[in-house]
Amino acid sequence: AGERRAERCGRGILAQCFIHGMQNELDGCVSRCPGAGCGAIIAASCARRTPCRTRARPHREAMPRFSANLSFLFNEVLFLDRFAAAAHAGFGAVEFGYAYEFPAKELTARLAANGLEQVLINTPPGDLAAGDRGLAGCPGREHEFAASFATAMRYAQALSCPRIHVMSGVLPANADAAQRARHRATFVRNLRFAAGEAKEDGITLTIEPINPRDMPGYLLTTQGEAHAIREEVGMPNLKVQMDFYHAQIVEGDLSTKLRR
C-alpha cells in the first residue's frame, strides 16, 4: 500500500507491524516498524474526533482480494448457511456457480445479514443432468441462451453483483473442425448480444477456460483461445478469468501467463 503522511496529533496510538507483529507506541498517526531492517509503514486510525489531515501517495501495488466460492467451500453446511460460514471465516465477498433454485430475495437477505458482497455468478447451465454446461456456444439454442441470460441479469441486479460468468457449453463427442467452428461462432454472437445487454447496467461479463479433465468437451480450454474470442467480440465489458487451477492443468507456465 502507498505511504500516508500525517500531521502529528500528539496522541499516543498503539499500532502493529503486519510483517513482524511488533507493536509500537506512536506519537501521532504514522510511524515505521522498529524491527531491524524492516522499515515497514505501520499506521492506526487516530482516536480523535477530528481525524488528522492526510495526503496519500499513489498506491504502487494492489493487494489481492479473495472471495469465498460457496459452490466449493463450506460444504459441511447447507447452501444458505454458507454465507454465515464465509463471514465467520473472515471473507467479505462471495461467489457461486448456480443458486437459481433459491429466490433472489432470499440470497440478498443472506448477503445483507452477513455483511457480504456478491462478486460473481454464473449463467444458468441448462440441463445439467443431460450434460449441459452452459448454453452460449450451443448452435440452435440461441433462444434458450437469451432466456437464461435474462435470468442471470435479474439475479445480478437483485444481488448487486457486478460480474456474470457466461458459460460456453460443451462440444459434441468427437466434434470435427467444422463443428467446433460453428460452436465458436455461436459463442461469439451470443457474447456480443449479452455484453450489449449487460453494459446498460454496468455489469461485466467473464469467460473462463476450463480444463477437459474436469469438464470434458468444454468449448474453451486455453487462455489464448479466450483472449482471441474477447478481442473478436470487441466489447469493453467482456473479460477473461484466469483460473490458476485450470491454466496449470492445461498449459502450465503460470508465472509467464500471469505477467502477460
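Because the structure is a prediction, the values reported are computed rather than measured. Heads up: numbering here begins at 1 and tracks the sequence.
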All side chain to side chain contact (heavy atoms under 4.5 Å, CB included) counterparts of [X], not counting sequence neighbours:
| X | result |
| --- | --- |
| Ala86 | Ala68, Leu70, Phe74, Phe91, Val94 |
| Ala198 | Phe149, Met153, Ile203, Leu205, Asn237 |
| Thr221 | Pro212, Glu225 |
| Val170 | Arg133, Tyr218 |

Holding to side-chain hydrogen bond (donor to acceptor under 3.5 Å, both in side chains), I want the full list of residues that pass it with [X], two or more places apart in sequence or in another chain.
| X | value |
| --- | --- |
| Asp132 | Arg141 |
| Gln179 | none |
| Arg230 | His227 |

Approximate separation, where rounding is to 0.5 Å, of [X] [atom1] and [Y] [atom2]:
| X | Y | atom1 | atom2 | value |
| --- | --- | --- | --- | --- |
| Ile207 | Leu238 | CD1 | CG | 5.0 Å |
| Arg184 | Leu220 | CZ | CG | 9.5 Å |
| Leu191 | Thr186 | CG | OG1 | 10.5 Å |

List the residues meeting ring-ring contact (aromatic ring centres under 6.0 Å, His included) with Phe187, not counting sequence neighbours, and say none if there are none.
none
Ignoring hydrogens and angles, write down the donor-acceptor pairs under 3.5 Å from the side chains of residues 99-106, residues two or more places apart or on other chains.
unit_1: Tyr100; atom_1: OH; unit_2: Asn122; atom_2: O; d: 2.5
unit_1: Glu106; atom_1: OE2; unit_2: Arg110; atom_2: NE; d: 2.8
unit_1: Glu106; atom_1: OE2; unit_2: Arg110; atom_2: NH2; d: 3.3

Which heavy atom of Gly169 sits nearest to which heavy atom of Cys138, and what is that distance?
CA-SG, 4.5 Å
Which pair of non-hydrogen atoms, one from Leu219 and one from Ser168, has the smallest distance, and what is that distance?
CB-OG, 3.4 Å
Give the cluster check for Tyr98 versus Leu120: same hydrophobic cluster or not, with ILVMFWY residues linked at side-chain heavy-atom distances below 4.5 Å.
no
Sort and list the pairs that fulfil side-chain hydrogen bond (donor to acceptor under 3.5 Å, both in side chains) and have at least one residue in residues 149-159, not counting sequence neighbours.
Gln157-Asp201
Which pairs, with at least one residue in residues 82-96 and sequence neighbours excluded, count as a side-chain hydrogen bond (donor to acceptor under 3.5 Å, both in side chains)?
Ser67-Glu95, Asn75-Arg82
Hey, are the side chains of Lys199 and Pro236 touching, using non-hydrogen atoms and a 4.5 Å cut-off?
yes
Sequence neighbours left out, what passes salt bridge (Lys or Arg N to Asp or Glu O under 4.0 Å) with Glu117? Give chain and number order.
none
